[in-house]
Enquirer: 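Handing you this structure, nothing more for now.
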Protein chains: 2
Amino acid sequence: MRMTKARRDILKIFNENDKPLNAEQLSKILEEDYDLSTIYRNLNFFEEQAILRSIVFSDKIKYYFTSKGHYHFVYCTKCKKFQKINKCFEEEFKKHINKKLDFEVKSHTLYFEGLCHDCKNRRDYDEAND
Amino acid sequence: MRMTKARRDILKIFNENDKPLNAEQLSKILEEDYDLSTIYRNLNFFEEQAILRSIVFSDKIKYYFTSKGHYHFVYCTKCKKFQKINKCFEEEFKKHINKKLDFEVKSHTLYFEGLCHDCKNRRDYDEAND
DNA sequence: TTTGCTGCAAATTATTTGCATAGTA
DNA sequence: TACTATGCAAATAATTTGCAGCAAA
């Protein structure tokens, strides 16, 4: 891993920011100092290195955030802003969100990504052939 | 709402299938009887009518499923298949997933979509101007 | 010096849209 | 018949990629 100015600048922003950001937003914060392709490449790189994590909401844009801590958010479909949640169970969540954040929940989704039974067992074979 | 052959065929598939499907998959199941734009238009239509719900995973493709029941899934990032989950709390979920489904969880995400405090209070204004 | 990173331009791909025609009520 | 849905082709937009030059180690 080569620590370039672009990478330093990008990491700095994520460390100062606890809300998910997409490539476009990052580019603006960086005052367009870097080409978008550079930003995309670095975001991918950081995700591979598990330094950043990403999430895709219904707008189909990839948002990145640091891998430390929780991956639970409320996302406003109108202004596209996030708020972090620190509580951990669904029912509590809902109360917390409705009352403490004054956020009107329209829908919620929980998903787990990983490898299913079949892919898990075929892993070595697949990785050698991907 | 005009009940066309395309709409009937699409709904039939979703009613027989409890796993999320994307436009491409649907098109194949329908043996390419309909143009993709027709399928996309109808999926949007059904979602507006709250007959279908959708979810976007890390592959950025929109998957649709019937609005009845739970919106909790495990999603295999390799084969892109889903399995439904019926349990309702996170910790229980994890055990359930790991043991009962033999699914190796790599990451999980929970999110609530809706309107934040600001947008909620500005709702009338915004809706009139969108 | 060497290899990996960046900028630029072009490609990719899921989805959307305009328009003329066909189909439903 | 009146209006909506469909097919086709072209447009859109986030992201990726090839390539040549530049910058970390």
Enquirer: Over how many whole Å does the gap from A:Lys60 atom NZ to D:dA13 atom P extend?
Expert: 14 Å
Enquirer: Tell me: CD1 of A:Ile61 to P of C:dT15, nearest whole Å?
Expert: 14 Å
Enquirer: To the nearest Å, how far apart are A:Leu36 CG and D:dA14 P?
Expert: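 My rounded result for the distance is 10 Å.
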Enquirer: Between B:Asn44 (CG) and D:dA5 (P), how many Å, whole number?
Expert: 13 Å
Enquirer: From D:dT6, C:dG4, D:dA14, pick the nucleotide closest to the side chain of A:Tyr40?
Expert: D:dA14
Enquirer: Regarding B:Phe45, tell me which of base, sugar-phosphate or nothing describes its non-hydrogen contacts under 4.0 Å with the strands shown.
Expert: nothing
Enquirer: Find the distance A:Asp9:CG to C:dC5:C1' and express it as a whole number of Å.
Expert: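 The answer, rounded to whole Å, is 14 Å.
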Enquirer: Rounded to whole angstrom units, what separation is found between the CZ atom of B:Arg41 and the P atom of C:dT15?
Expert: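 That distance rounds to 15 Å.
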Enquirer: For B:Arg8 and for B:Glu24, find the nucleotide of DNA chain C with the closest heavy atom, then tell me which residue's nucleotide is more 5'.
Expert: B:Glu24
Enquirer: Would A:Asp9 and A:Ile13 count as a side-chain contact (heavy atoms from CB on, under 4.5 Å) here? Give the steps.
Expert: CA-CA 6 Å; A:Asp9 288 354; A:Ile13 289 168; 5.6 Å; no
Enquirer: Side chain to side chain contact (heavy atoms under 4.5 Å, CB included) with B:Arg53: which of B:Tyr64, B:Phe46, B:Phe65?
Expert: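 It is B:Phe65, the one option of B:Tyr64, B:Phe46, B:Phe65 that forms the side chain to side chain contact (heavy atoms under 4.5 Å, CB included) with B:Arg53.
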Enquirer: Under a 4.0 Å threshold between the charged nitrogen and the carboxylate oxygen, would B:Glu32 count as salt-bridged to B:Lys28?
Expert: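 B:Glu32 and B:Lys28: not salt-bridged.
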Enquirer: Under 3.5 Å, is there a donor-acceptor pair between the side chain of A:Gln25 and the main chain of A:Asn22?
Expert: yes
Enquirer: Expressed in angstrom and rounded to an integer, what is the separation of B:Ile55 atom CD1 from C:dA14 atom C1'?
Expert: 17 Å
Enquirer: Kindly indicate whether the side chain of A:Arg7 and the base of C:dC5 share any N or O donor-acceptor pair separated by less than 3.5 Å?
Expert: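 Such a pair does not exist between side chain and base.
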Enquirer: Of the options A:Thr66, A:Leu11, A:Ile10, which is the one that meets A:Ile51 in a side chain to side chain contact (heavy atoms under 4.5 Å, CB included)?
Expert: A:Leu11
Enquirer: Does A:Thr4 put a side-chain nitrogen or oxygen below 4.0 Å from OP1 or OP2 of C:dT6?
Expert: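 Yes, such a contact exists.
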Enquirer: When we call it a touch if two heavy atoms are under 4.0 Å apart, what does A:Ser37 touch: a base, just sugar-phosphate, or nothing?
Expert: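 Base, at least one base atom sits under 4.0 Å.
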Enquirer: Just checking, is any N or O donor in the side chain of A:Tyr34 or A:Lys5 under 3.5 Å from an acceptor N or O on the other one?
Expert: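 Result is yes, a qualifying pair exists.
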Enquirer: Tell me whether the count of non-hydrogen atoms from other residues, nucleotides or ligands lying under 6.0 Å of CD in A:Gln49 goes above 12.
Expert: yes
Enquirer: Starting at the 5' end of DNA chain C, which residue's closest nucleotide do you reach first, B:Lys5 or B:Asn22?
Expert: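 Final value for this comparison: B:Asn22.
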Enquirer: Please give the angle, rounded to 10 degrees, between the axes at the start and the end of the helix from C:dT1-D:dA25 to C:dA25-D:dT1, where five pairs define each axis.
Expert: 40°
Enquirer: Can you measure A:Asp35 atom CG to D:dA14 atom P for me and round it to whole angstrom units?
Expert: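 That distance rounds to 15 Å.
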Enquirer: Check whether any side-chain N or O of B:Thr38 sits under 4.0 Å from OP1 or OP2 of D:dG7, and answer yes or no.
Expert: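 Answer yes for this pair, as a side-chain N or O of B:Thr38 is under 4.0 Å from OP1 or OP2.
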Enquirer: Return no unless some side-chain N or O of B:Lys62 is found under 4.0 Å from OP1 or OP2 of C:dA14.
Expert: no
